[in-house]
Amino acid sequence: MTKSFASTERSTLLQNMAKEPFDVLVIGGGITGCGIALDASVRGLNTGLIDMQDFAEGTSSRSTKLVHGGLRYLKQFEVKLVAEVGKERAIVYENAPHVTTPVWMLLPIFKKGTFGKFTTSIGLKVYDHLAGVRKHERRSMLNRDVTLEKEPLLKKDGLIGGGYYVEYRTDDARLTLEVVKEAVARGAKAMNYVKAEELLYDEKGIIKGVKAVDQITGESVELLAKKVVNAAGPWVDSIREKDNSKKGKTLHLTKGVHIVFDGKRFPLKNAVYFDTPNHDGRMIFAIPRAGKVYVGTTDTNYKGDPRNMNMSVADRDYLLEATNGMFPSLGLTAQDIESSWAGVRPLIHEEGKDPSEISRKDEIFISDSNLITIAGGKLTGYRKMAERTVDLVASQLSKETGKTYPACSTDKVTLSGGYFNGSDNYEKRVRELTAQGKTLGLSEEEAETIVRLYGTNVEKVFNIIRNKENKDTGLSNAIFGQIEYGIEEEMVSKPVDFFIRRTGALYFNIGWVKQWKEQVINYMQKRLNWDDATKQAYVDQLESAIEVAVKAEA
Ligand SMILES: Cc1cc2nc3c(=O)[nH]c(=O)nc-3n(C[C@H](O)[C@H](O)[C@H](O)COP(=O)(O)OP(=O)(O)OC[C@H]3O[C@@H](n4cnc5c(N)ncnc54)[C@H](O)[C@@H]3O)c2cc1C
């Protein structure tokens, strides 16, 4: 039987996609498109999805990785947005506790800072209320001493206290993966590295599908669908150009960079949300994760290719200056940066506004050819964006066919790997699964790391370790299980898919990438039958990704 999400089956999967007229075909496998594919398949629509790169390779692996209530939007009085995304984070946590972690966030208050004591207290209270924050996660206000106890590295000069509240940290790329895997488990057909090259129209000029090209094999097919959704993130306008419908509102791209430090060099105890000392009215995050600390973000206008973005020296220095301003005893330098990433926000242009002032709201545009474009928005609001889009698709289909479709129910849909019977059982089950991993000879640390990474799907990784022979690969059993699982069940096609989007290691464990890259690539070559030239191309691609992560561009 063909495995529905195995990179070894690419050709069969593409041919299968070409056989069907889908009810809906989604262009774009970031969080927006994957969310739409899940909602549509849950409602019984025959659904297809393609991405020209890897899943989440666009913006959805390059965010601040917070499923957040958007405290800062309160400052801009975007009350509805705060309420909606605030509630969403509770839903994501319940449906995928393995990719969502509550973290206490400290907002230090300084004389003459962005948030005063009173405004922080009221602001966080309104936030608790709007976002429906759980009782034990409601905000508290701290005096100066307690603030310093929570975070001794903070600048002391001018510090008068702090607000303490909960944000939810996620793994954006894995969240996207779990959403699309759940969609596939429910019947959707989805592929990475397949590009919508041309749009196809019927005799009345209504869009009826795309000419799609497999970017790995060059194979070309026509994918037909009753409805086509453009969820191409920073590329939505280039799809609209193909459709001759790029008019009215357009995208405004802004670039955001994050830098990563080792936790030993930057021993931050709590996540902190703080004013930059640059007097630009911006605030940034410093967030501990798995022994590292990441800091971001910048927010600057961007006009280049969204595929090739690097951290510039200016981005790096801006973040270093801000971090040293708030944590002055550290004296961090460029040499302390272990890794970094840069992404672009696909925002909807608003005349005369600075990058940080532009609303993060989403909007749907319907063109004359009925290309349905969803633009703007945030990772956090992906489910609601999907609901609005699929409501529209379903209502159009109902009008045309008389068939009715159920309402959105993804708030109750567990995501792939999230089958813990609710977040309350998460830690207990993690302990049980870790113990199971240890019986296979994995160390406690190895077992727990992969349990938290794959959630309940880790049992499939364990089965691979148990049943498949790991001979002459040079790989540890844990990595062997992960890479096999990636190839068979997560459409890992290239080494960068594994080291960036499936494991997050290029950002948070770059030493591990350097240690294992050769063995992983050798194994993938055998497993996926690459010739030497193909292998070399993938080696070069990974090396270049490592260089981009560690080096700022002049
Ligand atoms: C620096 C930064 C920090 C952020 N922090 C947060 C945060 O903490 N919390 C939060 O909620 N949000 C955050 N966001 C916003 C969030 O990351 C984005 O809103 C979200 O990831 C956008 O997802 P998307 O699916 O719309 O776009 P993408 O993830 O870019 O997906 C679009 C996909 O379309 C594909 N595509 C394009 N053209 C074609 C084609 N012709 N054929 C096939 N496929 C195609 C691309 O390859 C791409 O993978 C942040 C964004 C940035 C840049």
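In each ligand, atom 1 is the first atom listed, and ligand 1 is the first ligand listed. In this chain, numbering begins with 1 at the start of the sequence shown.
- Centroid-to-centroid, the aromatic rings of Y165 and W104 stay 6.0 Å apart or farther.
- Residues F55 and F5 place their aromatic rings such that the two centres sit under 6.0 Å apart.
- For the ring pair (Phe, Tyr, Trp, His ring centres under 6.0 Å) condition, no pair includes a residue of residues 216-248, sequence neighbours left out.
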Return a table of donor-acceptor pairs under 3.5 angstrom between the side chains of residues 191-199 and protein atoms on other chains or two or more places apart.
unit_1	atom_1	unit_2	atom_2	d
N192	OD1	R10	NH1	2.9
N192	ND2	D54	OD1	3.0
N192	ND2	M491	O	3.0
Y193	OH	D497	OD1	2.6

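- Here F508 and Y294 bring their ring centres to under 6.0 angstrom of each other.
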What does the N/O contact table under 3.5 Å look like for ligand 1?
unit_1	atom_1	unit_2	atom_2	d
ligand 1	5 (N)	T64	N	3.0
ligand 1	5 (N)	T64	OG1	3.4
ligand 1	8 (O)	L66	N	3.2
ligand 1	8 (O)	L66	O	3.4
ligand 1	9 (N)	L66	O	2.7
ligand 1	11 (O)	L379	N	3.2
ligand 1	11 (O)	T380	N	2.8
ligand 1	11 (O)	T380	OG1	2.6
ligand 1	12 (N)	K378	NZ	3.4
ligand 1	12 (N)	L379	N	3.3
ligand 1	19 (O)	G377	O	3.2
ligand 1	21 (O)	S60	OG	3.0
ligand 1	23 (O)	S60	OG	3.1
ligand 1	25 (O)	I31	N	3.2
ligand 1	25 (O)	T32	N	3.0
ligand 1	25 (O)	T32	OG1	3.2
ligand 1	26 (O)	T32	OG1	2.7
ligand 1	29 (O)	T59	N	3.3
ligand 1	29 (O)	S60	N	2.9
ligand 1	29 (O)	S60	OG	2.5
ligand 1	30 (O)	T59	N	2.8
ligand 1	30 (O)	T59	OG1	3.3
ligand 1	41 (N)	A196	O	3.2
ligand 1	42 (N)	A196	N	2.9
ligand 1	44 (N)	M52	N	2.9
ligand 1	47 (O)	D51	OD1	2.6
ligand 1	47 (O)	Q53	NE2	2.8
ligand 1	49 (O)	D51	OD1	3.2
ligand 1	49 (O)	D51	OD2	2.6

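- Legend: salt bridge (charged side-chain N to carboxylate O under 4.0 Å, His left out) pairs involving residues 20-38, not counting sequence neighbours, sorted by first then second residue: E20-K189, D23-K226.
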